[in-house]
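These notes are about the structure you will find just below.
In what follows, every heavy atom counts, from backbone to side chain, and hydrogens, waters and symmetry copies are set aside. Sequence lines set the chain letters: A, B, ... in the order given, protein chains first and strands last, and positions in each chain run from 1.
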Amino acid sequence: MLDIKFIRENPDAVKRACELKGFTDYTDQILELDARVRELKTVTQSKTAEKNKITREIPTATDKAPLIAASKAIANEIANDMAELDEKEKQLTDLLHRVPQIPSDAAPIGRDDTENVEVRRVGTPREFDFTPRPQWDLLEMNGWWKPEKIASICGTRTYALFGEAAELELAIETYVLQKLMGKGFTFVSCPSITKPQTIFNAGHFMGTDPSVMANDVFMLTDTDRCLAGTAEIILNCLHSDEVLNEKDLPIKYAGFSPCFRKEAGAAGRDTRGIVRIHQFNKVEQYIYCTPEQSDEMHEHLLNNLCEVMEDLELPYRVIAACTGDMGFNKVKMNDVEAWFPSEGAYRELGSCSSIGQFQARRTNTRYRDKNGNMQFCATLNNTGIALPRAIVPVIENHQNPDGSINIPKKLQPLMGGRTKIGGKH
RNA sequence: GGAGAUGUCGCAUAGUUGGUCUAGUGCGCCACAUUGGAAAUGUGGUAUACCCGCAAGGGUAUCAAGGGUUCGAAUCCCUUCAUCUCCGCCA
């Protein structure tokens with residue numbers, strides 16, 4: 001959420017953000033409610049002050065009855081105003097949670113993902129001197145998956161990897177975690193079960209009505225818990241209600257957790273293969289810093305993911321998401337897409353986001369700056385690596401005619417020194 | 001899942017027959033004094049959010065959270081949450 005003071009002072013900037021991002025503009029309603037709320041606060045608070053004064057006189061008064069009566073009378077007046085105040089404040093809070101983060105001036109302006117801008121390409125898609133196989137053929141011929149079997153056991157959009165592919169999955173996770181730890185990230189293995197409030201705090205959803213999550217989030221029946229879609233939401237709450245020291249910033253976390261997505265809006269898309277499933281593992285990069293450090297940290301996070309692409313020896317490109325595609329809570333967003341030979345296209349493997357103070361305001365995560373003033377932290381997040389999706393470009397780009405896969409050099413130590421897997425069937 | 005205990009201003013604590021508690025004390029921290037410098041000591045200060053105000057300043061709320069009783073709640077009642085101990089179950 002944004003600071004109400006900022007909205008008060010910069011209504012035009014807020015209106016423009018709503019327009020650029022394609023969200024309903026509630027600015028006028030907010031300002032109206034805000035004015036009324038402040039008016040009611042002024043009235044109720046001065047009446048309360050009056051009542052407190054009378055109340056304090058009662059213990060020592062000789063004739064208590066008139067004072068008690070007076071206090072009661074004021075209490076009744078206050079109650080009426082408070083009822084309206086509560087109501088208006090609720091409405092205001094709900095609307096404040098519907099105001100999008102102001103996008104960066106650097107972000108391209110556009111309506112949806114068709115207007116995203118390619119920032120750069122790194123590496124050249126390999127020219128095969130044979131017909132490359134798609135992920136499903138490679139997984140099949142090497143005995144690395146059993147899609148029908150697993151679907152019959154666990155339902156659609158689930159997966160299991162067997163043998164060397166499972167090893168590869170674990171090796172990639174380990175590789176990325178070790179890389180991030182080497183860059184000062186603290187490894188956190190995160191829970192996947194959480195409270196809905198945790199998800200709200202991340203700012204992916206608008207308003208204060210929990211039912212808006214039902215489409216995207218797996219709720220656990222008969223409990224007040226749900227399955228987390230990403231470790232980001234846990235990491236985002238790690239310092240809620242705390243006051244950090246500026247000298248301790250930035251704080252960097254590498255979260256690892258199973259992630260759960262309903263994928264309700266993706267019916268029919270990516271039904272074949274292991275690109276889009278209900279449960280996957282993800283290493284997530286997360287940073288708390290000062291607003292001044294935010295741009296530098298964004299580049300840091302983005303570069304980390306780019307390095308991972310290069311270590312996995314994948315051709316990739318970096319996208320700048322346009323205002324209409326970046327999402328509700330973001331200042332700016334860069335996607336990193338790897339080359340998928342089977343599709344002849346780049347596809348998203350990670351998404352690097354600057355959130356500004358938007359999440360920290362929801363979680364009440366602050367720091368004391370050099371001058372001793374309280375500030376909200378800025379937060380950023382980026383994928384470290386998401387699996388099994390990342391396996392797809394690895395096996396497709398590094399395949400041989402016999403169906404075997406060359407292991408990227410950096411992964412070889414984690415694969416027992418092997419340079420190649422598969423191709424034996 | 002069963003039984004019990006606990007939750008106070010950064011930390012540790014005082015406060016439970018409701019009213020000088022707008023929360024005391026110790027430690028920590030900051031400033032000043034003392035000192036050649038430091039330790040020790042002394043004095044003062046030491047939360048956050050919001051409202052009114054140009055400001056100085058004033059006010060409201062917060063003793064885990066929410067609600068209730070009352071003229072008045074840290075103190076009484078209810079609900080929730082968290083922590084600890086024991087039992088049960090279990091990777």
Side-chain angles (χ1 to χ4, degrees), chain A residues 1-9 30-97 99 189-201 208 210 220-226 234 237-249 251 256-258 279 357-377:
Chain A
M1 63 191 291
L2 296 180
D3 187 358
I4 179 68
K5 284 182 209 145
F6 177 86
I7 299 175
R8 240 179 251 154
E9 289 161 15
I30 286 170
L31 293 177
E32 203 175 301
L33 275 169
D34 176 51
R36 182 61 183 151
V37 162
R38 285 198 284 167
E39 198 179 336
L40 286 166
K41 273 187 181 173
T42 307
V43 172
T44 54
Q45 287 181 3
S46 65
K47 280 182 183 170
T48 303
E50 197 182 333
K51 182 168 80 88
N52 286 345
K53 196 179 159 220
I54 294 172
T55 298
R56 275 192 289 267
E57 288 168 6
I58 289 176
T60 53
T62 42
D63 189 6
K64 295 182 166 65
L67 291 174
I68 290 173
S71 179
K72 263 187 176 170
I74 297 178
N76 283 333
E77 289 178 37
I78 294 171
N80 286 332
D81 290 338
M82 284 300 282
E84 188 189 346
L85 179 58
D86 283 349
E87 176 64 25
K88 290 283 196 303
E89 271 197 308
K90 261 188 201 133
Q91 291 173 16
L92 180 60
T93 304
D94 183 67
L95 289 182
L96 283 174
H97 284 290
V99 178
S189 68
C190 291
S192 297
I193 295 176
T194 189
K195 297 179 182 177
Q197 183 64 44
T198 311
I199 299 178
F200 266 104
N201 285 344
T208 49
L220 297 173
T221 313
D222 296 332
T223 72
D224 61 346
R225 312 293 180 83
C226 51
I234 311 294
C237 293
L238 242 33
H239 296 286
S240 58
D241 297 318
E242 292 180 22
V243 180
L244 305 169
N245 288 323
E246 180 167 0
K247 63 175 164 49
D248 295 330
L249 301 175
I251 295 173
F256 176 75
S257 75
Q279 178 187 344
Q357 297 171 307
F358 198 90
Q359 288 177 333
R361 205 168 263 118
R362 283 198 178 186
T363 58
N364 192 29
T365 304
R366 295 173 295 174
Y367 71 96
R368 205 175 282 282
D369 69 17
K370 295 184 198 87
N371 304 319
N373 297 319
M374 292 285 221
Q375 308 280 358
F376 285 103
C377 293

Under 4.0 Å, counting only non-hydrogen atoms across every strand here, what does I58(A) touch: a base, just sugar-phosphate, or nothing? base
Would you please confirm or rule out a distance under 4.0 Å between OP1 or OP2 of U48(B) and any side-chain N or O of R366(A)? no
Pairs in or reaching into residues 33-43 of chain A: which pass salt bridge (Lys or Arg N to Asp or Glu O under 4.0 Å), with residues at least two apart or in two chains? R8(A)-D34(A), D34(A)-R38(A), R36(A)-E39(A), R36(A)-E84(A), K41(A)-E89(A)
At less than 4.0 Å, is any side-chain N or O atom of K72(A) found next to OP1 or OP2 of C71(B)? Yes or no. yes
Could you write out each protein N or O paired with an N or O of nucleotides 60-69 of chain B at a distance under 3.5 Å?
{"residue": "U60(B)", "atom": "OP1", "partner": "N52(A)", "partner atom": "ND2", "Å": "3.2"}

Would you mind writing out the side-chain donor-acceptor pairs for residues 51-65 of chain A within the sub-3.5 Å range, not counting sequence neighbours?
{"residue": "T55(A)", "atom": "OG1", "partner": "K51(A)", "partner atom": "O", "Å": "2.9"}
{"residue": "T60(A)", "atom": "OG1", "partner": "E57(A)", "partner atom": "O", "Å": "3.3"}
{"residue": "K64(A)", "atom": "NZ", "partner": "A61(A)", "partner atom": "O", "Å": "3.4"}

Those residues that, when tested against H97(A), pass ring pair (Phe, Tyr, Trp, His ring centres under 6.0 Å) (two or more places apart): none
Could you tell me whether K51(A) contacts a base, only the sugar-phosphate backbone, or nothing, with contacts defined as non-hydrogen atoms closer than 4.0 Å? sugar-phosphate
Are OP1 or OP2 of U48(B) and a side-chain N or O of R368(A) less than 4.0 angstrom apart? yes
Test of understanding: with ring pair (Phe, Tyr, Trp, His ring centres under 6.0 Å), list the residues that count as partners of F358(A), not counting sequence neighbours. F328(A)
Who is the Watson-Crick or G-U wobble partner of A33(B), with both distances under 3.5 Å? U41(B)
N/O contacts under 3.5 Å, protein versus nucleotides 8-10 of chain B?
none

Mind calculating the distance between CE (M374(A)) and C1' (C50(B)) to the nearest angstrom? 14 Å
Any strand: nucleotide that pairs with U75(B) via Watson-Crick or wobble, under 3.5 Å: none
In terms of heavy-atom contacts, does CD1 of I193(A) have more than 12 from other residues, nucleotides or ligands at under 6.0 Å? no
